[in-house]
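Heads up: numbering here begins at 1 and tracks the sequence. Note: hydrogens, waters and symmetry copies are ignored here, and every other heavy atom, side chains too, is used.
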Amino acid sequence: MRIRLPASARRSRPLPSAAHRRPPTRCGVRRALPAAVALTLLTPACHTPLVPPGAPTPWPTAYAHRWQWQWQLEGPVDTDVAADVFLLDPVRTTAAETAALRGRDRRLVCQVYVGSYAATDPDATRFPTAVRGNPTGRAQRRWLDVRRWDVLEPVLADRFRLCRGKGFGAVALADADGYAHRSGFPLGYDEQLTFNRRLAVLARSLDLSPGLMNDVGQVAALAPDFDFAVVEECVRLKVCAKLLPFADADKPVFHVEYTGRTATFCVTTLGYGFASIRKNRSLDAWRDPCQLP
């Protein structure tokens with residue numbers, strides 16, 4: 001005989017794949033919060049809490065050369081873009097936007113500045129004067145002294161936790177190449193290597209898939225430690241071949257150019273097995289992707 005549970009008991013059962021069955025919620029108020037509040041809160045200001053992914057983002061090797069991706073840091077996220085992977089700002093991106101993308105099985109990567117800070121960062125005051133270096137040359141950012149892991153690790157761990165709380169399953173490490181610039185510190189190749197490897201371990205400890213952004217000079221050494229790479233203008237700079245340690249290991253290489261015709265540079269990058277797009281330098285929603293054969 002089949003026993004029918006009371007309605008109250010039936011309602012208490014957890015639903016499978018709750019993250020993908022979540023009903024729409026009104027999270028627009030989130031965008032109006034001060035950035036400092038957005039960084040400290042790891043759950044969205046909604047009636048229904050956002051459940052982080054249960055594991056780091058997987059990157060199936062059988063699909064390694066078939067990804068389509070989007071990189072957007074400005075404006076409301078266009079969740080209708082025909083892409084498998086979205087690289088987004090974890091502070092600006094709302095919980096409603098990540099929930100909409102996860103509901104469509106999109107892979108979400110948050111961009112975290114690990115080797116620099118800006119005065120407008122919600123956590124800028126957590127970096128003491130001793131670790132603040134020269135300007136990076138973009139977005140009023142300054143290099144950080146990556147030798148000071150004792151100082152940087154707690155701040156970066158919280159940045160990673162924000163990604164997890166917003167529903168991201170992977171993290172791309174931006175400005176992870178201060179050693180190759182005039183950072184204001186006597187940073188060497190080995191010190192940068194140690195810092196970047198520590199970050200990969202930290203990301204994994206928080207169930208995030210780590211990705212290396214640029215730092216082309218250390219790709220050969222770091223490819224085993226990271227799951228994917230993000231590279232800017234490798235065609236214009238003529239350094240695409242240096243990313244082959246990722247592609248040859250069937251790890252995704254997400255590549256962007258800001259100038260030139262896709263019909264021209266796609267011939268090169270598709271041959272390498274990269275996922276390539278052209279973007280505006282502002283990194284708004286517009287994109288022109290390479291068409292897969």
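Between Arg141 and Ser116, the side chains place a donor N or O and an acceptor N or O closer than 3.5 Å (distance only, hydrogens not considered). Between the side chains of Asn214 and Glu232, at least one donor N or O sits under 3.5 Å from an acceptor N or O. Of the N and O atoms on the side chains of Asn134 and Ser183, not one donor lies less than 3.5 Å from an acceptor on the other residue. Checking Asp225 against Asn196 by side-chain atom types alone, no donor-acceptor pair falls below 3.5 Å.
The distance from atom CZ of Phe195 to atom CG of Leu202, rounded to the nearest 0.5 Å, is 9.5 Å. Separating the CZ atom in Arg138 from the CG atom in Asp175 is a distance of 6.0 Å, to the nearest 0.5 Å. Between the CD atom in Gln72 and the CG atom in Leu283 there is a gap of 9.0 Å [rounded to 0.5 Å]. For the atom pair CZ (Arg104) and CG (Leu101), the distance works out to 7.0 Å, reported to the nearest 0.5 Å.
In this structure, Phe254 has its ring center closer than 6.0 angstrom to the ring center of Trp59.
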Please list, one pair per line, the donor and acceptor atoms closer than 3.5 Å that link side chains of residues 236-249 to other protein atoms, with sequence neighbours excluded.
unit_1 : atom_1 : unit_2 : atom_2 : d
Arg236 : NE     : Glu233 : OE2    : 2.9
Arg236 : NH2    : Glu233 : OE1    : 3.3

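Trp149 and Arg198 get closest at one heavy-atom pair: CB-NH1, 3.2 Å. Here the shortest heavy-atom pairing between Tyr179 and Gln192 reads N-OE1, 3.1 Å. Pairing each heavy atom of Trp69 with each of Val230, the nearest pair is CH2-CG1, 4.2 Å. In this structure, Val109 and Phe228 approach most closely via the heavy-atom pair CG1-CZ, 3.7 Å. For the residue pair Thr57 and Ser209, the shortest heavy atom distance occurs at O-CB, 3.6 Å. The two residues Ala82 and Arg287 make their nearest non-hydrogen contact at O-NH1, 3.7 Å.
One N or O on the side chain of Arg107 and one on the backbone of Pro58 form a donor-acceptor pair closer than 3.5 Å.
At least one side-chain heavy atom of Phe86 sits under 4.5 Å from a side-chain heavy atom of Val81. A heavy-atom distance below 4.5 Å is not found between the side chains of His255 and Tyr272. A heavy-atom distance below 4.5 Å is not found between the side chains of Pro289 and Thr262. Using a 4.5 Å cut-off on side-chain heavy atoms (C-beta onward), Lys166 and Cys110 make no contact. Asp84 has its side chain out of reach of Asp105: every pair of non-hydrogen atoms, C-beta onward, lies at least 4.5 Å apart. A heavy-atom distance below 4.5 Å is found between the side chains of Leu208 and Arg164. Between Val146 and Val131 there is no side-chain heavy-atom pair separated by less than 4.5 Å. Side-chain contact check for Ile277 versus Cys290: every heavy-atom pair is 4.5 Å or farther apart.
With side-chain heavy atoms closer than 4.5 Å counting as contact, directly or through intermediates, the hydrophobic cluster containing Val235 also holds Phe265.
Within 6.0 Å of the CZ atom in Arg261, the count of heavy atoms belonging to other residues, nucleotides or ligands does not exceed 12. In this structure, Arg182 places its CZ atom where only 12 or fewer heavy-atom neighbours from other residues, nucleotides or ligands lie under 6.0 Å away.
Here the rule is side chain to side chain contact (heavy atoms under 4.5 Å, CB included) with Leu73, and of Gln111, Lys279, Arg92 only Gln111 fits it.
Ring orientation note: the planes of Tyr117 and Phe127 are tilted relative to one another, at an angle of 30° to 60°.
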